[in-house]
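Side chains included, hydrogens not; waters and symmetry mates left out as well; all remaining heavy atoms used. Every chain is numbered from 1, with letters handed out A, B, ... down the list of sequences. Given the structure is predicted, the values throughout are model-derived calculations rather than measurements.
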Number of protein chains: 2
Amino acid sequence: MELRLLRSYVAVAEELHFSRAALRLHIAQPPLSRQIQRLEEELGVQLLKRTQRRVSLTEPGRQFLESARAILAQVEASVSLVRRMDRGEAGHISIGMTSSVAFGDALPRLLRRYREGHPAVSISLQEMSAGEQMAALREGRIQVGFMRPPLREARVSLIPFTREPLVAVLPAEHPLAGRRRIPLKALARDPFITVPRSEAVGGLDLVLEACLQAGFRPEIAQQALEIPSVIGYVAAGFGVSLLPQAARRLAHGGVSFVDLSTPRVFIEMAAVRLAGQDTPLLAGFLGEVGGIASRKARG
Amino acid sequence: MELRLLRSYVAVAEELHFSRAALRLHIAQPPLSRQIQRLEEELGVQLLKRTQRRVSLTEPGRQFLESARAILAQVEASVSLVRRMDRGEAGHISIGMTSSVAFGDALPRLLRRYREGHPAVSISLQEMSAGEQMAALREGRIQVGFMRPPLREARVSLIPFTREPLVAVLPAEHPLAGRRRIPLKALARDPFITVPRSEAVGGLDLVLEACLQAGFRPEIAQQALEIPSVIGYVAAGFGVSLLPQAARRLAHGGVSFVDLSTPRVFIEMAAVRLAGQDTPLLAGFLGEVGGIASRKARG
DNA sequence: CAGTTTGATATCAAGAGGGTATCAATGGAA
DNA sequence: TTCCATTGATACCCTCTTGATATCAAACTG
């Protein structure tokens with residue numbers, strides 16, 4: 001059974017006229033007659049009743065017309081789908097992200113924008129730590145991870161996505177609360193609340209680095225697993241913290257967010273993929289990531 | 001795009017090995033390589049990654065494998081369906097029947113039996129008068145009608161199905177009620193309730209004929225459209241009636257069914273189809289009708 | 001580093017598929 | 001009734017696709 005036979009059959013069954021069908025198929029009538037004969041022979045079923053003057057469908061022939069149409073449509077749809085996948089217009093992307101990424105609005109905005117331009121791409125999002133993301137990337141469970149550098153991993157490629165300043169988070173009753181900006185070293189004597197290194201690569205390290213740059217070694221009073229918990233500890237007066245700008249949206253009465261005048265420390269987020277894993281789909285997605293990043297950098 | 005390419009692709013994509021796939025397809029390896037190349041060229045999409053040592057699927061390739069499998073399965077299913085239709089094992093039959101047919105259990109039993117042997121045949125049943133059935137047959141709305149002969153129609157063929165005696169229906173207080181059997185002429189002075197000729201071909205005619213045969217001309221007191229109404233009129237004392245044996249199942253306290261000793265008048269039911277409309281499906285169905293009829297006749 | 005495995009390439013033979021000419025049957029027109 | 005036009009089938013030829021064989025090139029194995 002070949003599709004040519006099905007195409008020929010559909011033409012004949014729709015026209016109910018061999019010569020017209022042949023015209024439509026851009027072949028001559030005799031080969032078309034032979035094709036239909038061969039099709040019927042192959043099926044062992046009479047599809048057409050020819051009275052040498054009028055062609056009509058038998059009951060199986062009517063059914064087969066529908067089947068043939070459906071098959072040809074499915075073939076066409078499959079070809080179209082695979083082509084769109086090849087152009088990166090269709091497919092599925094599984095994305096991992098650290099919980100800290102979820103607080104910003106950069107990723108949601110990226111995804112909304114991307115999906116508008118790529119309606120045939122389905123996307124699944126999973127929250128996982130940086131380490132879990134690396135494992136998931138290697139096992140193919142996700143194709144892209146969103147996490148905060150630096151990474152110690154080789155064999156990955158990294159597309160910078162967002163870059164935002166760390167800001168100080170103080171209890172509402174802290175003497176410096178309410179200032180527009182303060183130097184980091186003003187917090188030299190305060191205990192610090194941080195997220196542990198394993199949870200968000202760069203979180204703890206960046207804080208340490210910033211403090212050292214400001215000329216003091218911070219006292220880590222408490223470690224909290226999630227950013228809301230950090231804010232809770234600060235509000236309860238356990239100490240101060242440095243958090244990405246985006247955490248401001250979690251502010252409440254008990255805490256005050258204050259910009260740092262010096263040193264200005266930036267925390268970055270990047271899209272990460274396994275090196276050498278560049279499908280057109282990923283390329284398109286990461287292109288969007290890079291495009292947004294560079295547009296922000298310029299603006 | 002031809003199915004041969006899809007079959008070849010499925011083999012290669014499943015084996016991930018050209019030589020093994022070629023073996024499975026019973027062709028040599030070089031033509032197989034060319035087929036896949038041509039397929040990829042035709043799609044404009046790279047489906048396989050060959051490292052000259054290892055073959056793996058690209059993402060579109062994985063998708064296309066699924067599509068190809070689905071298409072081939074659909075082709076196979078369509079071929080199988082059309083073959084079963086050709087053998088009369090699958091399809092649809094629309095059947096018309098007069099309301100009087102519905103009272104017997106012969107048709108339900110026939111259908112039950114037929115469906116057991118032909119699970120892929122769907123059947124629709126519609127109640128309509130004999131005249132409506134003829135129109136429906138001609139317009140193709142039904143393929144078989146069940147009605148009572150005689151027919152005045154030409155161009156139909158008729159397969160006898162059931163043949164049952166008429167029995168007398170008397171009001172419970174009728175002097176002859178309760179007898180095992182009576183001659184029809186015992187009812188010569190009773191008024192008769194019948195169904196009109198247009199509703200059930202043969203009903204009225206048969207009664208008239210039977211009475212004339214018994215030597216009297218019956219007085220038609222009342223015409224009722226449906227058999228239950230006839231029984232209602234009889235129960236109400238409007239008169240007596242002659243009904244097919246099968247009407248016994250509608251008996252209730254107000255009426256008495258009494259066999260006729262003479263003349264024994266039989267009312268027949270037949271399956272009717274348009275002459276020249278013999279599909280394998282219909283042939284199988286009508287074969288079953290005839291089979292049951294002849295089995296009953298013998299038994 | 002040699003040998004084996006494996007997909008690609010080149011070339012040839014066979015067969016499938018399309019084209020032209022023609023036939024046979026049917027239905028309508030004269 | 002007869003003749004002609006229409007339409008699907010048949011016969012025959014030619015081309016191009018498809019498969020087979022021989023061979024190559026690259027890469028993994030030991």
Residue pair A:Glu139, A:Arg141: steps toward the salt bridge (Lys or Arg N to Asp or Glu O under 4.0 Å) verdict: CA-CA 6 Å; A:Glu139 293 166 21; A:Arg141 295 202 314 276; 2.3 Å; yes

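- Under 4.0 angstrom from either OP1 or OP2 of D:dA27 there lies no side-chain N or O belonging to B:Arg54.
- Rounded to an integer number of Å, the gap from CD of A:Glu41 to P of C:dA16 is 12 Å.
- Interatomic distance, B:Tyr9 OH to B:Leu57 CG, rounded to the nearest 0.5 Å: 4.5 Å.
- For the pair A:Leu5 CG and C:dA16 P, the interatomic distance rounds to 13 Å; values are reported in whole Å.
- Atom CD in A:Glu40 sits roughly 13 Å away from atom C1' in D:dA9 (whole-Å rounding).
- Whole-Å rounding puts the A:Gln37 CD to D:dA11 P distance at 10 Å.
- Proximity of a side-chain donor or acceptor of A:Glu2 to a complementary backbone N or O of B:Arg4 within less than 3.5 Å is detected.
- With no hydrogens or angles considered, no side-chain donor-acceptor pair links B:Thr279 and A:Glu59 at under 3.5 Å.
- Note: CZ (A:Arg4) to C1' (D:dC16) measures 12 Å, nearest angstrom.
- Contact between the side-chain N/O atoms of B:Arg50 and the OP1/OP2 oxygens of C:dA8 is found at a separation under 4.0 Å.
- Between B:Ser33 and the phosphate of C:dG7, there is no side-chain N or O to OP1/OP2 separation shorter than 4.0 Å.
- As rounded to whole Å, 9 Å separates atom P of C:dG18 from atom CG of A:Leu32.
- One interatomic measurement links the two molecules: CD of B:Glu2 to P of C:dA16, which rounds to 15 Å at whole-angstrom precision.
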Is there a side-chain contact (heavy atoms from CB on, under 4.5 Å) between A:Ile71 and B:Ser78? Walk through the geometry before answering. CA-CA 9 Å; A:Ile71 290 166; B:Ser78 302; 3.7 Å; yes

Residue pair B:Met134, B:Val156: steps toward the side-chain contact (heavy atoms from CB on, under 4.5 Å) verdict: CA-CA 9 Å; B:Met134 292 313 305; B:Val156 302; 3.3 Å; yes

Could I get a table of every N or O pair under 3.5 Å where one atom is in the protein and the other is in nucleotides 19-21 of chain C?
from, atom 1, to, atom 2, distance (Å)
C:dG19, OP2, A:Ala28, N, 2.6

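- Rounded to a whole Å, the CD1 atom of B:Ile36 is 13 Å from the C1' atom of C:dA8.
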Under the side-chain contact (heavy atoms from CB on, under 4.5 Å) rule, what do B:Leu81 and B:Met85 come out as? Steps first, then yes or no, please. CA-CA 6 Å; B:Leu81 173 60; B:Met85 284 187 74; 4.2 Å; yes

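- For the segment residues 15-25 of chain B, residues with any heavy atom less than 4.0 angstrom from an atom of DNA chain C are, sorted by number, B:His17, B:Phe18, B:Ser19.
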Begin with the C-alpha distance, continue with both residues' side-chain angles, and end with the deciding distance and a verdict on side-chain contact (heavy atoms from CB on, under 4.5 Å) for A:Leu111 and A:Phe285. CA-CA 9 Å; A:Leu111 294 183; A:Phe285 180 73; 3.8 Å; yes

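- In this structure a side-chain-to-backbone donor-acceptor pair under 3.5 Å is missing from A:Gln46 to A:Thr58.
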